[in-house]
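Have a look at the structure below, then the notes.
On a predicted model such as this, the values are computed, not experimentally measured, just so you know. Computed over heavy atoms, backbone and side chain alike; hydrogens, waters and symmetry mates excluded. Numbering of ligands and ligand atoms starts at 1, following listing order.
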Amino acid sequence: MGNNAPIGVFDSGVGGLSVLHEIRTLLPNESLLYVADSGHVPYGEKSPEFIRQRCRQIAAFLLAQGAKALVLACNTATVAGVAELRELYPQLPIVGMEPAVKPAAAATRSGVVGVLATTGTLKSAKFAALLDRFASDVRVITQPCPGLVERIEAGDLDSRETRALLHAFVAPLLAEGCDTLILGCTHYPFIKPLLRSLVPDSISLIDTGAAVARQLQRLLDERQLLARGPAQAGRFWSSGAPQQMQAVLPLLWAEPAEVKAF
Ligand code: DGL
């Protein structure tokens with residue numbers, strides 16, 4: 001596997017582009033492939049078995065395109081599918097992601113942390129284990145956000161409807177005294193400016209995209225797989241209507257790109 005082989009990144013939709021951005025920033029020499037499984041978004045309400053089957057299919061596709069590493073840029077796909085992918089491809093660097101419970105528990109001063117994530121992530125045994133491990137000294141209040149991912153997929157990052165939906169999810173967390181909010185879904189960094197406008201400045205907003213990029217860098221470095229560059233233009237696929245992703249892409253990704261059908 002050559003150093004200049006690309007990195008394969010995927011999500012249920014466009015949310016993982018928030019992670020792709022962090023990877024591009026930290027590792028500008030790396031060539032990037034991205035699959036949005038928009039034909040099956042949202043993953044948040046789907047069964048773990050369905051999501052595992054999607055993960056297998058997308059991983060096989062990205063490897064067939066020559067990927068030297070995989071990034072599950074999706075918390076929901078990670079809880080359902082990362083263990084199986086690691087069994088299937090034991091030699092491959094695979095990075096998953098999980099809500100930032102550890103840094104949030106360290107950051108809170110009120111001792112109350114809110115987690116915004118999908119139903120699938122919050123219901124998972126992996127998330128329960130994360131709380132046991134890192135949040136025994138703080139109160140954690142979880143908030144599933146059904147409907148929010150669909151608005152972000154549509155490129156609707158700040159309409160009155162999106163604002164009202166987000167307000168309804170966040171207000172109870174503030175009322176409980178949360179001073180730290182975890183963005184536990186990769187779609188949510190795209191509505192961070194809106195969220196910022198809804199909560200006091202003293203509230204910390206924590207997401208994990210940058211940490212995922214650093215973990216990817218570590219794994220590639222260990223295996224001497226870091227690219228020497230220059231990076232090729234990113235390649236994008238969508239399992240939904242490619243023209244739909246193409247239309248919202250300029251809002252979410254700074255480089256020109258053509259979206260192909262997956
Ligand atoms: N972006 C995904 C995550 O990080 C999931 C969104 C969804 O499809 O429900 O959890």
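Annotation for ligand 1: atoms under 4.0 Å from non-hydrogen atoms of V41 are 8 (O). Counting atoms of ligand 1 from 1 in the listed order, those under 4.0 Å from a heavy atom of S12 are 5 (C), 6 (C), 7 (C), 8 (O). For ligand 1, the atoms lying closer than 4.0 Å to a non-hydrogen atom of D11 are 1 (N), 2 (C).
In terms of N/O distances under 3.5 Å, ligand 1 is approached by G44. For the pair H187 and ligand 1, the shortest N or O to N or O distance falls below 3.5 Å. The shortest N or O to N or O distance between T118 and ligand 1 is not under 3.5 Å.
Few gaps surround CG on D132; more than 12 heavy atoms of other groups in view lie less than 6.0 Å from it.
Looking from atom 7 (C) of ligand 1 to the surrounding protein, the closest heavy atom is Y43 N, 3.3 Å.
Between R235 and E258 no salt bridge is recorded (no basic side-chain N to carboxylate O distance below 4.0 Å). A salt bridge does not link R54 to E49: none of the charged nitrogens lies less than 4.0 Å from a carboxylate oxygen. Using a cut-off of 4.0 Å between Lys/Arg side-chain N and Asp/Glu carboxylate O, R24 and E255 are scored as salt-bridged.
At a heavy-atom cutoff of 4.0 Å, ligand 1 is contacted by both the backbone and the side chain of C185. Proximity of T76 to ligand 1, defined as any heavy-atom pair under 4.0 Å, is shared by backbone and side chain alike. With a 4.0 Å cut-off on non-hydrogen atoms, N75 touches ligand 1 through its backbone as well as its side chain.
Between R223 and P93, the closest side-chain pair of non-hydrogen atoms falls below 4.5 Å.
Put simply, the residue from N75, I182, L183 that forms a side-chain contact (heavy atoms from CB on, under 4.5 Å) with Y188 is L183.
Atom 2 (C) of ligand 1 has its nearest heavy-atom neighbour, among A36, C74, S18, G184, in C74.
The aromatic rings of F61 and F262 sit perpendicular, their planes meeting at an angle over 60°, well past the 30° parallel limit.
Distances shorter than 4.0 angstrom do not occur between any heavy atom of G13 and any atom of ligand 1.
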**side-chain hydrogen bond (donor to acceptor under 3.5 Å, both in side chains) assessment of T118 paired with T76** = CA-CA 7 Å; T118 67; T76 316; 2.8 Å; yes
